[in-house]
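Quick notes on the structure that follows.
Fair warning: this is a prediction, and the values are worked out from it, not measured in the lab. So you know, we letter chains A, B, ... as the sequences are listed, proteins then strands, and number each from 1.
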Protein chains: 2
Amino acid sequence: MRKTVTIEPKQKRSQRTRERIFRVAAREFAAKGLAGARIDEIAARARINKERIYAYFGSKEEMYRDVLVACYAKAASNQRLQTLTSADIPHMTGIIIDTFFEIHRRNPEFWRMLAWENLDGGKSLRARDWESIRGAYIRPLEALYGEGQTNGVFRPEVDFNTYVMLLFAATYFYYSNRITMSRLLNLKLQREEVRRQVEAQFLAILDGGMAASRQR
Amino acid sequence: MRKTVTIEPKQKRSQRTRERIFRVAAREFAAKGLAGARIDEIAARARINKERIYAYFGSKEEMYRDVLVACYAKAASNQRLQTLTSADIPHMTGIIIDTFFEIHRRNPEFWRMLAWENLDGGKSLRARDWESIRGAYIRPLEALYGEGQTNGVFRPEVDFNTYVMLLFAATYFYYSNRITMSRLLNLKLQREEVRRQVEAQFLAILDGGMAASRQR
DNA sequence: CAAAAAAACAACCATATGGTTGGTTTTATG
DNA sequence: CATAAAACCAACCATATGGTTGTTTTTTTG
């Protein structure tokens, strides 16, 4: 058991190698999940020896966790999501839907990693990891939603959690279940034009349903 | 290669054995997916010899496909879904949401099999299989929705596919992403009382957003 | 009940898999 | 430029895996 635990490799070559392994691993894990991913395959595609993987990452599980954290962080780092202000409140639902769609479009591994994680019982991440993800993902939205409720833009009886969950559900589902839904409904959800149409209709429903002025 | 292809086993013992294997396999595949499921594990849990699995089902993949089809069919066979009438149109959104939640509550393997399938690229089922799933799942709803649109109950600019997709997305997501969402939002989505609250709020938003009378 | 057919099983096989070891090459630095 | 540390690699290991085979046990039926 060699306990090198190279947290910060000193050599540039190794830096590059590590990154190359990481990129390949991310693709592999997103594609096949923790159980389905093959160490040999990752090594071959990264054009390195298996042993390097264990030197850099310790084990398959640890490498998986690293990939997972990085994937969530990258998705949450979205520009628009992080720069919302009070001025956006009136159109917030539309902006969030559009931003969530954009996050999924730009990070094709995101929904996959989430899906694997949920199927796996969510045992890969620690409470601390979630704390930071929560900070990155939720903080930009929570305060603004409260403000919107106070100002009478959003219905007071719908709480923030439900709101985020429904918006995220719609966009996540569009990607995560594209294949089965396309077959079930005879649609071509891969097409960007279809996606835009669906987005417009999702917005029509969700914005309409959220507006406080439309309360009974 | 023994080509018995026992489509309809003559013996009662074998009938029971086959069913036992099938039940165990369904649990195993739902839990771990096609790649993660272990033939040895299924054999052990069903208290039979591995060879029986190959005699009855041919291969791992074929058995998986059988399980998948049965799982979709079972979910679609839901009583309330299959007995909707024109009289239900005014409260259709609420009924569908409630029914979809019920389907997931009663078939814990359903969302899992769907999730595995989407991650896997949806290569397990043939067009014919989808044809029949489509019939069972969609037929009861499509006509009624059209009727609702004609009668001015539903917004004319939101089409049926989007409507079903959004309702299904909300309920599916609640189950499929329960674990990660609970951690992200500091909630306890496993609790039935929380689920009921969320359902009520989903309904408030979606019903509000669908009603034609609330159009701008 | 005897013989044939079906069901069941123990043992086996080739290959794949996550992980390790001991030695060789490359790189930075005194 | 010598040398030690880091990076790298070929070969190896134990175990697990999907799938098969030859034989024995159980069930059905003339």
Side-chain angles (χ1 to χ4, degrees), chain A residues 1-26 28-29 31-68 116 120 123-124, chain B residues 1-26 28-29 31-68 116 120 123-124:
Chain A
M1 223 190 307
R2 203 196 294 180
K3 276 275 172 119
T4 322
V5 189
T6 318
I7 292 166
E8 197 159 348
K10 259 94 191 168
Q11 320 250 135
K12 278 176 190 169
R13 177 166 58 132
S14 86
Q15 191 86 262
R16 281 205 316 276
T17 303
R18 208 196 116 102
E19 277 159 18
R20 189 149 33 89
I21 296 173
F22 192 85
R23 267 201 308 280
V24 172
E28 181 84 358
F29 280 129
K32 304 181 192 166
L34 175 56
R38 297 291 165 238
I39 294 288
D40 286 321
E41 184 78 20
I42 294 172
R45 275 217 237 278
R47 280 167 293 115
I48 46 98
N49 188 279
K50 258 208 295 194
E51 182 265 1
R52 283 292 85 195
I53 289 175
Y54 291 95
Y56 288 134
F57 297 97
S59 71
K60 198 188 185 186
E61 277 75 19
E62 288 177 73
M63 180 163 57
Y64 181 72
R65 189 184 158 231
D66 283 3
V67 166
L68 196 61
W116 292 122
D120 234 46
K123 62 192 181 202
S124 296
Chain B
M1 226 190 302
R2 204 194 294 180
K3 276 274 174 118
T4 320
V5 190
T6 319
I7 292 165
E8 198 158 347
K10 260 93 191 168
Q11 321 247 138
K12 277 176 189 167
R13 178 166 57 130
S14 86
Q15 190 87 260
R16 281 205 316 277
T17 303
R18 209 196 115 103
E19 278 159 18
R20 189 148 34 90
I21 296 173
F22 193 84
R23 266 199 310 278
V24 172
E28 180 83 358
F29 280 129
K32 303 180 192 165
L34 175 56
R38 296 291 164 238
I39 295 287
D40 286 322
E41 184 79 18
I42 294 171
R45 274 217 237 280
R47 280 167 294 115
I48 46 98
N49 188 278
K50 256 207 298 193
E51 182 266 359
R52 282 293 86 195
I53 289 175
Y54 292 95
Y56 287 134
F57 298 95
S59 71
K60 196 187 185 187
E61 277 74 19
E62 287 177 75
M63 181 163 56
Y64 180 72
R65 188 183 160 232
D66 283 3
V67 165
L68 197 62
W116 293 121
D120 235 43
K123 62 193 182 200
S124 296

Seminar exercise, completed: Nearest heavy-atom approach of A:Ile21 to A:Ala46 is CA-CB, 4.1 Å
For this session: With axes from five pairs an end, tell me the bend angle of the helix from C:dC1-D:dG30 to C:dG30-D:dC1, nearest 10°.
Result: 0°
Exercise. According to a strict under-4.0 Å criterion, is A:Thr17 in side-chain N/O contact with OP1 or OP2 of D:dA7?
Worked result: no
Exercise. Rounded to the nearest Å, what distance is computed from the NZ atom of residue B:Lys60 to the C1' atom of nucleotide D:dT17?
Worked result: 8 Å
Problem set entry | Atom-pair distance (CZ on B:Arg18; C1' on C:dA8), nearest Å | 17 Å
For this session: Under 4.0 Å between any heavy atoms, over every strand shown, what does A:Ala43 touch: base, sugar-phosphate, or nothing? Just pick one.
Result: nothing
Exercise. B:Tyr54 OH to C:dC12 P: how many Å, rounded?
Worked result: 19 Å
Seminar exercise, completed: In whole angstroms, the gap separating C1' of C:dT26 from CG of A:Asn49 amounts to 15 Å
Seminar exercise, completed: Taken in chain and number order and not counting sequence neighbours, the residues that satisfy salt bridge (charged side-chain N to carboxylate O under 4.0 Å, His left out) with B:Glu41 are B:Arg45
Problem set entry | A:Gly58 vs A:Arg38, nearer the 5' end of DNA chain C by closest nucleotide | A:Arg38
For this session: Take B:Phe22 and B:Phe57 through the side chain to side chain contact (heavy atoms under 4.5 Å, CB included) test and state the conclusion after the steps.
Result: CA-CA 9 Å; B:Phe22 193 84; B:Phe57 298 95; 3.9 Å; yes
Problem set entry | Atom-to-atom span, CD of B:Glu51 to P of C:dA11 - whole angstrom | 15 Å
Exercise. What are the two closest non-hydrogen atoms of B:Ser124 and B:Leu68, and how far apart are they?
Worked result: CB-CD2, 3.8 Å
For this session: Round to a whole Å and report the spacing from CD1 of A:Ile48 to P of D:dA6.
Result: 19 Å
Exercise. Any ion pair linking A:Lys32 and A:Glu28 (charged N to carboxylate O, less than 4.0 Å)?
Worked result: yes
Exercise. Atom CG of B:Asp40 and atom P of C:dC9: how far apart are they, to the nearest Å?
Worked result: 14 Å
Seminar exercise, completed: B:Tyr54 and B:Ile39 have their tightest heavy-atom pair at OH-CG1, 3.7 Å
Problem set entry | Touch class at under 4.0 angstrom, heavy-atom based, for A:Ile53 against every strand present | nothing
Exercise. Of all the nucleotides listed (D:dG19, C:dA8, C:dG19), which has the minimum atom distance to the side chain of A:Ser59?
Worked result: C:dG19
Exercise. Would you call the rings of B:Tyr64 and B:Phe29 parallel, tilted or perpendicular if under 30° counts as parallel and over 60° as perpendicular?
Worked result: perpendicular
For this session: Please state how far atom OH in A:Tyr56 lies from atom P in D:dA6, giving the value in whole angstrom units.
Result: 12 Å
